[in-house]
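What follows is a set of notes on a single structure, which appears directly below.
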Amino acid sequence: MSAQPNAGFAREASRQILAGGSAGLVEICLMHPLDVVKTRLFGFYKGVLPPILAETPKRAVKFFTFEQYKKLLGYVSLSPALTFAIAGLGSGLTEAIVVNPFEVVKVGLQANRNKFTEVPGNPHECALQAQPSTMSYARHIIKTEGLGLQGLNKGFTATLGRHGVFNMVYFGFYYNVKNIIPVNKDPTLEFLRKFGIGLLSGTIASVINIPFDVAKSRIQGPQPVPGQIKYRTCFKTMATVYQEEGFLALYKGLLPKIMRLGPGGAVMLLVYEYTYSWLQKNW
């Protein structure tokens, strides 16, 4: 008796995971050149494989858990507006648990990317340090700092805030506004309607969650004084940045973030919806 419902859940979960992974894959392929153009004017897809390998499963987790939390909240008497927002918050917190160790490694590698050392025997000449591999750097963190909040899960609360707030606004705004604005019968105009709402969703979510992003970068990145931990917890880091550098320092990097996550957020939502719809009809 239970085999059929279980098979139905597995099929539905597979659709959500495939559609979410597809959304991450397409978003990376379209938006990766924005990361590259900051440093070079050619080779737009150089280095695209690591982001694809990281982002595709991450987006699968994002969309799959959103759908599951939304389904669970359906058993509670909540308004649709709250259901979408809380399901988004839940998916963001779950996503943060999965991605935080990868973020710690990524930020550490980025901080060490352009370090120079003196060439032995010639103090006036410097050479780039060899860049460690992702796995060797992760092992180094675990060996020297452990798996806890000072090691591979450094900045965990800031990552929870970053992903939780972003997804709460991102999904909550998109699905609530999409339900308010009437569906257009013209396929092109309907696509533009969804894209516009998705663009606004990614943009507004980026504006609201960027203080958490700044705190995360300060905590996970190199400290101002080597050997002394200045940035330790999320809200204390925000307070320190505000007191020492002013309110606008909490919004550093907002423009490139909007340029990436505004259209990128729209692409992900549309690819997810169209892929999921196709899978429902054909699988």
Side-chain angles (χ1 to χ4, degrees), residues 16-17 20-21 23-24 27-28 31 50-73 83-111 134 137-138 141-142 145-175 201-221 231-238 241 250 253-254 257-258 260-261 264-265 268-269 272:
Q16 293 162 1
I17 290 169
E27 190 267 346
I28 284 294
M31 306 307 295
I52 285 176
L53 295 176
E55 295 296 321
T56 301
K58 186 170 90 173
R59 302 313 184 190
V61 169
K62 176 201 280 286
F63 284 96
F64 171 69
T65 55
F66 171 72
E67 296 291 353
Q68 298 312 305
Y69 286 123
K70 190 172 67 173
K71 185 177 178 180
L72 286 172
L73 290 167
T83 297
F84 291 127
I86 295 173
L89 174 63
S91 76
L93 296 177
T94 307
E95 184 184 29
I97 294 169
V98 175
V99 306
N100 191 65
F102 297 96
E103 289 289 320
V104 171
V105 174
K106 183 183 79 172
V107 170
L109 286 172
Q110 288 174 339
T134 301
Y137 188 67
I141 293 174
I142 295 169
E145 299 171 332
L147 296 167
L149 297 179
Q150 297 306 314
L152 201 60
N153 273 293
K154 190 191 310 182
F156 181 59
T157 54
T159 304
L160 284 174
R162 183 178 82 152
H163 288 267
V165 170
F166 183 90
N167 282 6
M168 180 177 68
V169 177
Y170 179 64
F171 284 118
F173 184 90
Y174 179 76
Y175 285 105
S201 301
T203 301
I204 294 170
S206 297
V207 172
I208 292 175
N209 92 320
I210 195 169
F212 291 97
D213 209 354
V214 170
K216 172 191 158 301
S217 298
R218 297 293 180 99
I219 295 167
Q220 293 179 345
Y231 304 116
R232 190 183 296 273
T233 62
C234 177
F235 290 105
K236 189 174 180 182
T237 297
M238 287 185 193
V241 171
L250 292 171
L254 179 59
K257 183 174 181 179
I258 287 175
R260 173 66 186 268
L261 293 177
M268 277 196 298
L269 284 165
Y272 177 79

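Just so you know, residue 1 is the first one in the sequence shown, and it goes up from there.
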Practice prompt. Might you point out which heavy atoms bring Tyr170 and Gly265 nearest each other, and give the distance in Å?
Written response: OH-O, 2.6 Å
Worksheet item: So, are Glu27 and Arg260 salt-bridged, with charged N and O less than 4.0 Å apart?
Response: yes
Worksheet item: Under 4.5 Å between any side-chain heavy atoms of Phe66 and Phe84, yes or no?
Response: yes
Worksheet entry | Euclidean distance, Phe212 CZ relative to Leu250 CG, rounded to 0.5 Å | 10.5 Å
Worksheet, complete the sentence: Heavy atoms of Val105 and Ala138 approach each other most closely as CG2-CB, 3.9 Å
Practice prompt. Measure the shortest side-chain to side-chain distance between Leu89 and Phe171 over non-hydrogen atoms and say whether it is less than 4.5 angstrom.
Written response: no
Worksheet item: What are the two closest non-hydrogen atoms of Thr65 and Ser91, and how far apart are they?
Response: OG1-CB, 3.3 Å
Worksheet entry | Nearest heavy-atom neighbours spanning Ile17 and Ala60 | O-CB, 3.5 Å
Worksheet entry | Lys62 to Phe166 six-membered ring, cation-pi geometry met (6.0 Å, 45°) | no
Worksheet item: So how far is it from Leu152 CG to Ile141 CD1, rounded to the nearest 0.5 Å?
Response: 6.0 Å
Worksheet item: Can any side-chain N or O of Tyr174 pair as donor or acceptor with the backbone N or O of Leu269 at less than 3.5 Å?
Response: no
Worksheet, complete the sentence: Exactly one of Leu93, Asp213, Val99, Thr94 clears side chain to side chain contact (heavy atoms under 4.5 Å, CB included) with His163, and that residue is Val99
Worksheet entry | From CA spacing to verdict: side chain to side chain contact (heavy atoms under 4.5 Å, CB included), Ile86, Leu73 | CA-CA 8 Å; Ile86 295 173; Leu73 290 167; 3.7 Å; yes
Worksheet item: Is a side-chain N or O of Asn153 found less than 3.5 angstrom from the main chain of Gly148, in a donor-acceptor match?
Response: no
Worksheet item: If you measure from NZ on Lys216 to OG1 on Thr157, what distance do you get to the nearest 0.5 Å?
Response: 11.5 Å
Fill in: Between OG1 on residue Thr203 and CD1 on residue Ile208, distance to nearest 0.5 Å
11.0 Å
Practice prompt. Could you tell me which non-hydrogen atom of Gln16 sits nearest to which non-hydrogen atom of Phe64, and how far apart they are?
Written response: OE1-CD1, 3.3 Å
Item to complete: Over all heavy atoms of both residues, which pair between Val61 and Glu95 is shortest? Give the atoms and the distance, please.
Response: CG1-CA, 4.3 Å
Discussion item. Apply side chain to side chain contact (heavy atoms under 4.5 Å, CB included) to residues Gln220 and Asn100 and explain how you reach the verdict.
Written reply: CA-CA 10 Å; Gln220 293 179 345; Asn100 191 65; 3.1 Å; yes
Item to complete: Among residues two or more places apart or on two chains, list those pairs meeting salt bridge (Lys or Arg N to Asp or Glu O under 4.0 Å) that have a residue in residues 149-158.
Response: none
Discussion item. When you compare the side chain of Arg59 with that of Tyr272, does any pair of heavy atoms fall below 4.5 Å?
Written reply: no
Practice prompt. With rounding to the nearest 0.5 Å, note down the distance linking OH in Tyr69 to CG in Asn167.
Written response: 11.0 Å
Item to complete: Output the distance between atom SG (Cys234) and atom CZ (Arg162), rounded to the nearest 0.5 Å.
Response: 11.5 Å
